[in-house]
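Notes to accompany the following structure.
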There are 4 protein chains.
Amino acid sequence: MRAIRSSTRSRDGSRPGAAARRPKATPVANKRNTEAEDAPAQLKSERSRDLILKSAAQLFRRQGFSATTLRQIAAKAKIKAGSIYYHFESKEEILDEVLDRGLRHVFESVKNAVERAGKVSHRRRIGLAIEAHLVALLETSDFTSANIRIYGQLPEHLKKPHRPLRRAYAEYWDQLFIDARRAGEIRADMEVVPLRMFVIGALNWTIEWFRLEDRDAVLELAERTELLIFEGVSKP
Amino acid sequence: MRAIRSSTRSRDGSRPGAAARRPKATPVANKRNTEAEDAPAQLKSERSRDLILKSAAQLFRRQGFSATTLRQIAAKAKIKAGSIYYHFESKEEILDEVLDRGLRHVFESVKNAVERAGKVSHRRRIGLAIEAHLVALLETSDFTSANIRIYGQLPEHLKKPHRPLRRAYAEYWDQLFIDARRAGEIRADMEVVPLRMFVIGALNWTIEWFRLEDRDAVLELAERTELLIFEGVSKP
Amino acid sequence: MRAIRSSTRSRDGSRPGAAARRPKATPVANKRNTEAEDAPAQLKSERSRDLILKSAAQLFRRQGFSATTLRQIAAKAKIKAGSIYYHFESKEEILDEVLDRGLRHVFESVKNAVERAGKVSHRRRIGLAIEAHLVALLETSDFTSANIRIYGQLPEHLKKPHRPLRRAYAEYWDQLFIDARRAGEIRADMEVVPLRMFVIGALNWTIEWFRLEDRDAVLELAERTELLIFEGVSKP
Amino acid sequence: MRAIRSSTRSRDGSRPGAAARRPKATPVANKRNTEAEDAPAQLKSERSRDLILKSAAQLFRRQGFSATTLRQIAAKAKIKAGSIYYHFESKEEILDEVLDRGLRHVFESVKNAVERAGKVSHRRRIGLAIEAHLVALLETSDFTSANIRIYGQLPEHLKKPHRPLRRAYAEYWDQLFIDARRAGEIRADMEVVPLRMFVIGALNWTIEWFRLEDRDAVLELAERTELLIFEGVSKP
DNA sequence: CATGAATGAGTCTTCATTCAT
DNA sequence: CATGAATGAAGACTCATTCAT
């Protein structure tokens, strides 16, 4: 599996230290989990950064980008607003990284789930993708849910750097469907792009209403969704 | 068909004229179109108000509520920012009315479409509802699309007044599905609430990607969606 | 008795009609009552003007000049804010006339009371002046109370035109005291200016606490005040 | 002597630091002077806060509350308008504290003066109270003069939190008079409340005309006032 | 005479950002 | 690394004022 590269624009430090020094766009392919990076030997700096990002993600997700203030983020991260600027150059940089992590996280999750499955039916592969997408969105990552929820309302210049990765993710799904169709598991007359829109749309919208209760709720939702997508609602 | 009542909180005019005077919650049941109110004898004031609302809806939809400034709204309505306050008491009041009009518009549209159909299969009824919802969302109403898109990120106190109408709309859909299931056109084991979530979710998400090109695009999308929902993607 | 001339600066109409046409600074010497000018044959215009002024006076008195908006004044006068400009050129012009009427009213009242008394002791004359001042302030004139209350906080350019009349009023009181002292009814070592400040101060401050209840309350207050001023609080 | 407690409503810091941190209602009983707090080790923040308050007090006093803009206050304190919000949550909060300090200052001054005097005649005690009140008002405290001058024109909700302390101050004076009357130094038929109104009114009104020139002017004024109140103006 | 509708200058307030400590 | 203190640009909102009708 290829590592997913960060799509974020590079910023060369106008600030002395900060931006330049830290290794922002580490390829994360070999990391098990993108988020729970409580590696024991993590620098204090690194921990603060992460906390800021996580706080930001939660707030962005709930309130949107522009309704979220740096003071809110700082409060949630238990620091003072000014301190954020040691770790980030601007609010937009935080957004950038939140978006990036978010998409990379689902992408990785889905890819991993599918690839780990090995030789299975295409429907099964798609089912796993659905599940992984939903889990990322609803259970494991505030980054992913923030991304999904706020991306559409951002101004062009903030969306732009994330297009390539988004495109790649879309194509990954398209490929799943193409493969399934070629194998005859999906009707031949089904166009892939609208299908992907429909499926991902139904998945993404869950953010708006789904409230995580017990562990299995997401899995059940995933199963239900797969069934719906493949069989439809009609009496068989 | 009963008119849909405005769910919005009433505001008693502390403002000069406007707020108090205009008949905000007019039942719109008998109007063909809620929005293109180019009634000939419309007061100047009424026209400004509408223009402001329409401008606001477009901007809210594109950028979200908090990223939209009154100056932007005013510019789009070709007036000065201060003048908005002749017609509205606050930015929130504008939001309120945008949300209200938006939901009432889809609701009316869907209801009308279904009721106009008369005696048809339940699948057909649902198909018509899907079409009406999509048309309202993607073609006819910036209010509806604004509502759908921004509602989820609003703070509690702004969402609250719109709950009842939202609930009513949800229940209307539920009833469509319940009827269809009772009639055997939908599988008996299909639970209605998740189904509605799934369907409306898929529809609503179209906002995020669908770009209106030609007249028929939405109708085609609607048809495709109906097929998908009823038959699923599997080879028959 | 000489009529008291308006001290207000004249404004030559930059506006077409309004300011120029109406007889603003009518000497009021021969009118019985400066305020209850409900003369039967009063023009509608004249009535509106008066109503605006009276409304303004009440509001100025209660809230001060700058906290009072033209819309509040208009509302109280049961017209719309824009209409005020038919009668006045600016908020300041209203203020000007309120102040002027207010001071002229007390001045007239006091003068009348004293002069009407004819040949009486100086103490009696001063007592009558006290009573008249208090009645004007607390009972009959919102103009007077507005004047007393807000004058001190106005910017220079608004106070200036009223200085002469204020000075004249002060001198009138001074004369009362001088006469009384010359006649031996006031101690010879008593300086007149501080005395006048003291007396008028005590009277004016009643605005801050006195709430008119029954008809006689003011008269009783006046009597008490006279006693206090002449005899002091000591045991005789 | 008991410290005078702040009557001001408490504000729990929604603001960053300031509001929450500072010990607003410090009992000041043992401080010599409430205002000239040039304590050597004062924090920068504390100094700014004080400067803002002092500037505000001066402007409020001269122009009233609503005519005073934050920009004016800021300019006088040599900062930018926005910076005020680091120290205060709103213009009203500034007012609140100005009023509070103002009243506490006179109250303390008067109390101290009277209590320091020890065993003296009641007339002497009242004389000292008069002097202390006048000194606070005219010489030492912009807070006190601001309070006295603007309180009456404030809207209810701004006056309300200060009622208890005002009441307490009034009662303190009442007690002085009651004691004097009981001791026979004031005529038995003299009612206390109107007397207090009269005396305090005469004192407070000095704000409107007294201009501090030399050091002794206030003391002389106080003496004169005491004489007037006790002996009246009549020939002995 | 009066009003409806609008304007622009100014108000309080917020917020991302800076920087000395 | 972090904070306290401040800034300036911008935001929502107010208000005296204008003027066509």
Side-chain angles (χ1 to χ4, degrees), chain A residues 15 17-18 43-45 47-49 66 68-74 78-92 94, chain B residues 15-18 21 43-49 66-74 78-92 94, chain C residues 15 17-18 43-45 47-49 66 68-74 78-92 94, chain D residues 15-18 21 43-49 66-74 78-92 94:
Chain A
R15 279 283 248 60
L43 293 153
K44 187 181 178 196
S45 164
R47 244 179 304 124
S48 284
R49 237 185 92 83
S66 96
T68 299
T69 73
L70 285 182
R71 273 192 173 79
Q72 289 175 321
I73 296 173
K78 290 188 208 303
I79 56 172
K80 294 289 151 18
S83 311
I84 290 181
Y85 285 80
Y86 180 82
H87 303 281
F88 299 91
E89 268 167 25
S90 67
K91 194 185 172 189
E92 298 196 355
I94 298 178
Chain B
R15 266 281 113 190
R21 139 169 54 81
L43 294 152
K44 187 182 179 197
S45 168
E46 207 65 24
R47 243 179 305 122
S48 288
R49 241 186 89 84
S66 96
T68 299
T69 73
L70 287 179
R71 278 208 230 308
Q72 290 174 323
I73 296 173
K78 287 184 207 308
I79 55 173
K80 295 287 144 39
S83 309
I84 290 181
Y85 286 82
Y86 182 78
H87 303 281
F88 299 91
E89 268 167 33
S90 67
K91 195 185 172 190
E92 295 196 356
I94 298 178
Chain C
R15 279 282 246 64
L43 294 153
K44 188 180 177 197
S45 164
R47 243 179 307 124
S48 285
R49 239 185 91 82
S66 98
T68 298
T69 72
L70 285 181
R71 273 190 175 78
Q72 289 175 322
I73 296 173
K78 290 187 208 304
I79 56 172
K80 294 289 151 16
S83 311
I84 291 180
Y85 284 81
Y86 180 81
H87 303 280
F88 299 91
E89 269 167 25
S90 68
K91 193 185 174 189
E92 297 196 354
I94 298 177
Chain D
R15 268 280 112 189
R21 140 169 54 80
L43 293 152
K44 189 184 179 196
S45 166
E46 207 66 25
R47 243 180 305 122
S48 289
R49 241 186 89 83
S66 94
T68 299
T69 73
L70 287 179
R71 279 208 229 307
Q72 290 175 322
I73 297 174
K78 287 185 207 308
I79 56 174
K80 295 289 143 42
S83 309
I84 290 180
Y85 285 81
Y86 182 78
H87 303 280
F88 299 91
E89 269 167 31
S90 66
K91 194 186 172 190
E92 295 196 357
I94 298 178

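All chains are named by letter (A, B, ...) in the order of the sequence lines, taking the proteins before the strands, and each is independently numbered beginning at 1.
Between C:Ala81 and A:Gly82, the residue anchored closer to the 5' end of DNA chain E is C:Ala81, taking for each the nucleotide with the nearest heavy atom. Nearest-nucleotide assignment on DNA chain F puts the 5′-proximal partner with D:Lys78, out of D:Lys78 and C:Ser83.
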Which protein N or O atoms sit under 3.5 Å from an N or O of nucleotides 10-12 of chain F?
from	atom 1	to	atom 2	distance (Å)
F:dA12	OP1	B:Thr68	O	3.4
F:dA12	OP1	B:Lys91	NZ	3.2
F:dA12	OP2	B:Leu70	N	2.9

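Distance CD1 (C:Ile84) to C1' (F:dC19): 16 Å, rounded to an integer number of Å. D:Gln72 has its CD atom 11 Å from the C1' atom of E:dT11, to the nearest Å. When rounded to the nearest whole Å, the span between OH of B:Tyr86 and P of F:dA16 equals 16 Å. Put simply, CD1 on D:Ile79 is 12 Å from P on F:dG8, counting in whole angstrom units. C:His87 has its NE2 atom 7 Å from the C1' atom of E:dC1, to the nearest Å. What separates NZ of A:Lys80 from C1' of E:dC19 is a distance of 17 Å, to the nearest Å.
Of all the heavy atoms in B:Ala67 and A:Ser66, the pair that sits closest is N-OG, 3.1 Å. Between C:His87 and C:Arg49, the shortest heavy-atom distance links the atoms O-NH1, 3.3 Å.
Atom CZ of A:Arg71 is separated from atom NZ of A:Lys80 by 10.5 Å, given to the nearest 0.5 angstrom. How far CD1 of D:Ile79 is from OH of D:Tyr86: 12.0 Å, rounded to the nearest 0.5 Å. Rounding to the nearest 0.5 Å gives a distance of 10.0 Å between CD1 of B:Ile84 and NZ of B:Lys91.
Only the P atoms considered, E:dC1 is 22 Å distant from F:dT21, to the nearest whole Å.
Applying the 4.0 Å criterion to OP1 and OP2 of F:dA2, one finds that A:Ser48 has a side-chain N or O inside that range.
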>> Both atom distances under 3.5 Å, Watson-Crick or G-U wobble: I'd like the secondary structure of DNA chain E as a dot-bracket string, with | for pairs made across strands.
In response: .||||||||||||||||||||
